[in-house]
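To keep things clear, I will list the structure first and then write my remarks on it.
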Amino acid sequence: MFFDPREVGMKPEPFKHSVYSALVVPRPIGWISSLSAEGVVNLAPFSFFNALSGDPPCVMYCPNAVKPGTGEKKDSYQNVQDTGEFVFNMCTWDLRNEMIATAEHAPASVDEMAKAGIEAAPCNNVSPPRVKASAIALECKHIQTIDLPPGRNSQSHVVMGEVVGVHINDDVITDGIVDIHKMELIARLSYLDYAKIESENIIALKRPDNVVHPSEQK
Ligand SMILES: Cc1cc2nc3c(=O)[nH]c(=O)nc-3n(C[C@H](O)[C@H](O)[C@H](O)COP(=O)(O)O)c2cc1C
């Protein structure tokens with residue numbers, strides 16, 4: 001089938017739900033911590049998230065819609081506009097329940113890390129705390145927010161940040177590389193589905209021209 005979302009949206013017949021979450025998969029989860037202007041900790045998952053560039057290292061996430069019933073922008077959007085800082089925390093399989101708990105639409109006055117029983121750790125170059133149990137955390141300074149074209153029912157914003165601090169748990173460093181075999185990674189699939197990336201399913205592929213990029217050298 002083919003459809004033009006500008007004409008029929010993302011839920012044409014025969015789909016029961018918006019299909020978009022099933023079309024670009026798997027996705028990483030950016031578990032974003034930030035502080036409100038009043039200093040309240042916020043933590044929320046974003047699968048419209050990715051690394052943007054390596055030099056300088058930059059990441060993006062995309063808050064959409066508003067908090068149900070309030071008409072307010074999501075805290076992860078508003079906080080970064082107000083304070084200019086956020087942290088990417090890596091979500092792994094063992095943290096999936098805590099991650100889901102932080103998707104709750106809590107009022108801005110609620111510390112979502114504490115509410116989900118997640119231990120915080122301090123950052124070095126930004127004020128928001130990081131998730132202590134995350135194997136990797138990236139401290140980010142806000143670069144720019146781009147408003148995407150208005151949607152049928154929501155407005156999305158691409159929030160970009162430059163990485164100004166990198167935390168890597170020493171336990172996942174082996175012989176000079178970040179050892180993904182030591183992390184049970186989680187991927188966002190479609191609808192309510194997620195996948196665990198298990199060590200036996202990880203393979204290395206050499207590129208055809210045999211040129212190895214410096215960042216890929218082991
Ligand atoms: C795995 C997962 C991925 C999500 N990805 C996004 C996303 O990319 N953009 C978005 O606006 N909301 C996303 N959400 C929903 C937000 O996490 C949710 O609206 C959250 O309450 C926002 O919190 P905040 O108001 O504290 O920022 C996602 C939820 C889950 C569970």
Side-chain angles (χ1 to χ4, degrees), residues 10 17-52 58-118 120 126-131 134 138 140 142 145-161 184-197:
M10 289 305 289
H17 312 285
S18 166
V19 287
Y20 193 63
S21 81
L23 302 185
V24 183
V25 284
R27 293 192 299 281
I29 298 171
W31 206 11
I32 304 296
S33 50
S34 59
L35 281 180
S36 70
E38 289 74 35
V40 179
V41 177
N42 192 76
L43 180 64
F46 289 85
S47 66
F48 294 135
F49 164 85
N50 224 312
L52 274 175
C58 294
V59 300
M60 53 85 32
Y61 66 98
C62 187
N64 54 54
V66 290
K67 296 204 266 182
T70 69
E72 293 167 7
K73 295 284 186 194
K74 292 186 179 182
D75 299 329
S76 307
Y77 167 84
Q78 195 57 54
N79 288 355
V80 177
Q81 308 310 309
D82 291 345
T83 66
E85 297 179 338
F86 66 94
V87 181
F88 158 81
N89 303 274
M90 178 179 275
C91 180
T92 41
W93 184 253
D94 55 327
L95 292 170
R96 65 193 181 282
N97 293 327
E98 289 85 344
M99 180 276 292
I100 283 289
T102 61
E104 183 184 342
H105 290 109
S109 56
V110 172
D111 178 333
E112 292 197 44
M113 245 195 230
K115 185 161 191 241
I118 296 165
V126 298
S127 299
R130 62 194 168 93
V131 173
S134 288
L138 303 176
C140 300
H142 183 218
T145 297
I146 296 176
D147 294 345
L148 295 180
R152 295 180 158 225
N153 304 304
S154 68
Q155 172 67 55
S156 295
H157 314 274
V158 181
V159 180
M160 291 180 273
E184 285 190 323
L185 302 173
I186 188 170
R188 171 95 195 262
L189 302 178
S190 48
Y191 306 112
L192 300 178
D193 293 339
Y194 296 82
K196 177 159 79 171
I197 298 171

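None of these values were measured; they are calculated from a predicted model. When a ligand or atom number is given, it counts from 1 through the structure's own listing order.
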Taking NZ in K196 as the centre, count heavy atoms belonging to other residues, nucleotides or ligands within less than 6.0 Å. Is the count above 12?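 Atom NZ in K196 is packed in, count exceeds 12.
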Could you tell me whether L23 atom CG has more than 12 heavy atoms of other residues or ligands within 6.0 Å of it?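 For L23, atom CG is crowded (more than 12 foreign heavy atoms under 6.0 Å).
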contact_flag A65 ligand 1 heavy-atom lt 4.0 Å: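 The answer is no, since A65 has no heavy atom less than 4.0 Å from ligand 1.
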Hey, is Y194 one of the residues with a heavy atom under 4.0 angstrom from ligand 1?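 Yes; Y194 lies near enough to ligand 1 that a heavy-atom distance drops under 4.0 Å.
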Polar contacts were defined as any N/O atom of the residue lying under 3.5 Å from an N/O atom of the ligand; does this apply to Y77 and ligand 1?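 No.
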Polar contact flag for F48 and ligand 1 (N/O pairs, less than 3.5 Å):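 In this structure, F48 places an N or O atom under 3.5 Å from an N or O of ligand 1.
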Test applied, ring pair (Phe, Tyr, Trp, His ring centres under 6.0 Å); reference residue, Y61; option that passes from F48, F49, F86: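 Only match with Y61 under ring pair (Phe, Tyr, Trp, His ring centres under 6.0 Å): F86.
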Can you pull out the closest protein heavy atom to [atom]? Residue, atom name and distance to 0.1 Å, please.
atom: atom 7 (C) of ligand 1; value: F46 CD2, 3.4 Å
atom: atom 21 (O) of ligand 1; value: A103 O, 2.8 Å
atom: atom 5 (N) of ligand 1; value: S47 N, 2.8 Å
atom: atom 15 (C) of ligand 1; value: K74 NZ, 3.9 Å
atom: atom 23 (O) of ligand 1; value: A44 CB, 3.4 Å
atom: atom 9 (N) of ligand 1; value: C62 O, 3.0 Å
atom: atom 2 (C) of ligand 1; value: R188 NH1, 3.6 Å

Just verifying a value: how many Å separate [X] [atom1] and [Y] [atom2], rounded to the nearest 0.5 Å?
X: H17; Y: Y191; atom1: NE2; atom2: OH; answer: 6.5 Å
X: S76; Y: H157; atom1: OG; atom2: NE2; answer: 11.5 Å
X: N79; Y: K74; atom1: CG; atom2: NZ; answer: 13.5 Å
X: S127; Y: L35; atom1: OG; atom2: CG; answer: 6.0 Å

Stepwise, does the side chain to side chain donor-acceptor pair (under 3.5 Å) test hold for T102 with W31? CA-CA 9 Å; T102 61; W31 206 11; 2.8 Å; yes
What's the shortest heavy-atom distance between [X] and [Y], and which atoms?
X: V126; Y: C140; result: CG1-O, 3.7 Å
X: L189; Y: A195; result: CD1-CB, 3.7 Å
X: L43; Y: V131; result: CD2-CG2, 3.8 Å

Check each atom of ligand 1 against the heavy atoms of [X] and keep those under 4.0 Å away; list them by number with element.
X: P63; answer: 11 (O)
X: H105; answer: 18 (C), 19 (O), 21 (O)
X: S76; answer: 24 (P), 27 (O)
X: E104; answer: 21 (O)
X: K67; answer: 25 (O)
X: E112; answer: 26 (O)

Cut-off 3.5 Å, side chains only: do S34 and D75 have a donor facing an acceptor?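 There is no such pair (donor and acceptor under 3.5 Å, judged by atom type) between the side chains of S34 and D75.
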Location of contacts on N42 toward ligand 1, heavy atoms closer than 4.0 Å: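 N42 to ligand 1: side-chain contact only, backbone stays beyond 4.0 Å.
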As a check for students: among P45, S33, S21, identify the option with a heavy atom nearest to atom 4 (C) of ligand 1.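 Result: the heavy atom closest to atom 4 (C) of ligand 1 is in P45.
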Relative to atom 24 (P) of ligand 1, which among L192, D75, L189 owns the nearest non-hydrogen atom?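 Result: the heavy atom closest to atom 24 (P) of ligand 1 is in D75.
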